[in-house]
A.B. asks: 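Can you read through this structure? Questions will come right after.
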There are 2 protein chains.
Amino acid sequence: MHKEHPLTKNQQIIFDLIDKSPEPMKAYSILFSVQKKGIKAPLQVYRALDKLVEIGKIHKIESRNAFIACHNSSCQVSKATAFSICEICEKITEISSASLSKYLANFKDKDGMKYSKYNLEFFGLCKKCR
Amino acid sequence: MHKEHPLTKNQQIIFDLIDKSPEPMKAYSILFSVQKKGIKAPLQVYRALDKLVEIGKIHKIESRNAFIACHNSSCQVSKATAFSICEICEKITEISSASLSKYLANFKDKDGMKYSKYNLEFFGLCKKCR
DNA sequence: TTTAAAATTGTTATAATATAACACCATGTA
DNA sequence: TACATGGTGTTATATTATAACAATTTTAAA
């Protein structure tokens with residue numbers, strides 16, 4: 001595991017916002033929310049997002065183009081992510097299942113190819129929406 | 001399994017193109033390629049893509065915003081997809097592993113939630129790029 | 001401590017991806 | 001017939017993301 005670099009100002013502002021949000025946030029909604037703090041341009045947001053993803057503080061939900069804080073405290077690097085997505089209310093939760101991550105981390109395909117990273121998105125209906 | 005509806009003209013043109021492509025195709029590259037056949041607007045492409053995804057003839061690679069024909073002949077509905085992505089050459093392959101799909105289809109999270117659909121993307125280096 | 005490399009910032013402009021809204025047409029079926 | 005459904009064509013626009021450049025700050029090595 002790498003040494004933990006402290007976040008820069010923009011990174012911290014954007015991480016705090018995502019971390020406090022009850023749901024994944026989209027880049028331009030982040031931009032809107034941080035304009036009062038002096039972050040005015042999309043690139044400033046995307047650069048912070050890229051870095052935060054890289055160091056594992058947040059994850060990107062690819063099918064939704066949205067970002068969520070990592071609550072999987074054991075891991076600060078996003079090499080193995082799994083999410084549950086409700087197709088009605090769009091509630092999104094990070095799945096942390098030891099057996100799932102073990103299974104996927106060890107998965108080898110037919111060619112014996114082993115992977116350094118994966119992202120899994122499950123879709124269904126959450127309790128409320130069922 | 002549903003009765004197989006024949007594809008409409010636009011759907012067929014776009015499916016044929018993707019099916020013949022050695023790599024996943026992006027929407028606007030599809031648009032460019034089919035302009036000579038009279039498909040002129042993004043919406044015409046996106047509508048066909050949506051339908052083709054819905055009926056499982058193609059899949060969307062979410063992390064790449066690209067579309068690939070389904071070669072998993074046993075299944076015409078895209079409820080369970082897994083891909084292998086080379087991070088250098090961007091070679092993308094659909095994984096068909098009975099044990100993987102069985103494991104994921106039966107996966108239940110802590111709340112006992114069962115999922116109707118999933119998409120898994122593995123990242124690593126392909127044989128050539130290793 | 002200086003200095004060069006690396007990372008971050010700020011900015012304008014633009015590229016790439018995707019959908020809204022509306023009118024029209026074809027087909028199946030009650 | 002008539003009417004519901006799904007597909008088409010079109011213009012306009014929304015959303016997501018990056019290019020290119022200049023300046024500044026941080027880091028770590030000489």
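What's counted below: heavy atoms across the whole structure, side chains too, no hydrogens, waters or symmetry copies.
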A.B. asks: Please state how far atom CD1 in A:Ile14 lies from atom P in D:dA17, giving the value in whole angstrom units.
C.D. replies: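 After rounding, the reported distance stands at 14 Å.
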A.B. asks: Expressed as a whole number of angstroms, how long is the span from B:Ile61:CD1 to C:dT17:P?
C.D. replies: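 Spelled out: CD1 on B:Ile61 to P on C:dT17 is 14 Å.
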A.B. asks: For DNA chain C, determine which residues of residues 28-48 of chain A have any heavy atom closer than 4.0 angstrom to one of its atoms, and list them numerically.
C.D. replies: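 Here the set is A:Lys40, A:Ala41, A:Leu43, A:Gln44, A:Arg47.
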A.B. asks: Would you check if B:Arg64 and B:Ile85 make a side-chain contact, meaning some heavy-atom pair closer than 4.5 Å?
C.D. replies: yes
A.B. asks: Does a side-chain N or O from B:Asn10 land closer than 4.0 Å to OP1 or OP2 of D:dG7, or not?
C.D. replies: no
A.B. asks: Determine yes or no for a side-chain-to-main-chain donor-acceptor pair under 3.5 angstrom, with A:Glu54 supplying the side chain and A:Lys51 the backbone.
C.D. replies: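 Side chain of A:Glu54 to backbone of A:Lys51, a donor-acceptor pair under 3.5 Å: no, none is there.
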A.B. asks: Would you check if the side chain of B:Glu121 reaches a backbone N or O of B:Glu62 as a donor-acceptor pair within less than 3.5 Å?
C.D. replies: yes
A.B. asks: C:dT9 C1' sits how many Å from A:Leu7 CG, rounded?
C.D. replies: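 Roughly 16 Å, once rounded to whole Å.
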A.B. asks: Which residue, B:Asn65 or B:Lys9, contacts DNA chain D at a nucleotide closer to its 5' end, judged by nearest heavy atom?
C.D. replies: B:Lys9
A.B. asks: Does a side-chain N or O from A:Lys26 land closer than 4.0 Å to OP1 or OP2 of D:dT16, or not?
C.D. replies: yes
A.B. asks: Show which side-chain atoms of residues 100-111 of chain B pair as donor or acceptor with protein atoms under 3.5 Å away, not counting sequence neighbours.
C.D. replies:
| residue | atom | partner | partner atom | Å |
| --- | --- | --- | --- | --- |
| B:Ser101 | OG | B:Ser97 | O | 3.0 |
| B:Ser101 | OG | B:Ala98 | O | 3.2 |
| B:Tyr103 | OH | A:Ser99 | O | 3.2 |
| B:Tyr103 | OH | A:Ser99 | OG | 3.3 |
| B:Tyr103 | OH | A:Leu100 | N | 3.3 |
| B:Asn106 | ND2 | B:Lys102 | O | 3.0 |
| B:Asp109 | OD1 | B:Asp111 | N | 2.9 |
| B:Asp109 | OD1 | B:Gly112 | N | 3.2 |
| B:Asp109 | OD1 | B:Met113 | N | 2.9 |
| B:Asp109 | OD2 | B:Tyr115 | OH | 2.6 |

A.B. asks: Looking at A:Val34, is its backbone amide N or carbonyl O close enough to the side chain of A:Lys40 to form a donor-acceptor pair, meaning the two atoms are under 3.5 Å apart?
C.D. replies: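 Checked: no pair found.
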A.B. asks: Rounded to the nearest angstrom, tell me the gap between atom CG in A:Asp50 and atom P in C:dA7.
C.D. replies: 14 Å
A.B. asks: Same cluster or not: are A:Phe32 and A:Phe15 linked, directly or through other Ile, Leu, Val, Met, Phe, Trp or Tyr residues, by side-chain heavy atoms under 4.5 angstrom apart?
C.D. replies: no
A.B. asks: Do any N or O atoms from the side chain of A:Ser33 and from the backbone of A:Ser29 form a donor-acceptor pair under 3.5 angstrom?
C.D. replies: yes
A.B. asks: For the backbone of B:Ala41 and the side chain of B:Gln44, can you confirm whether one donor and one acceptor N or O come within less than 3.5 Å of each other?
C.D. replies: yes
A.B. asks: Think B:Thr8 has a side-chain N or O under 4.0 angstrom from the OP1 or OP2 of D:dG6?
C.D. replies: no
A.B. asks: Between D:dT5 atom P and B:Lys51 atom NZ, what is the distance in whole Å?
C.D. replies: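 Going from NZ in B:Lys51 over to P in D:dT5 covers 13 Å.
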A.B. asks: How many angstroms lie between atom OG1 of A:Thr93 and atom NE2 of A:His71, to the nearest 0.5 angstrom?
C.D. replies: 10.0 Å
A.B. asks: To the nearest Å, how far apart are A:Met25 CE and D:dT15 C1'?
C.D. replies: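 To the nearest whole Å, that distance equals 15 Å.
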A.B. asks: Can you pull out the residues from residues 81-93 of chain B that lie within a 4.0 Å heavy-atom distance of DNA chain D?
C.D. replies: none
A.B. asks: In whole angstroms, how far is the P atom of D:dT25 from the CD atom of A:Gln11?
C.D. replies: 16 Å
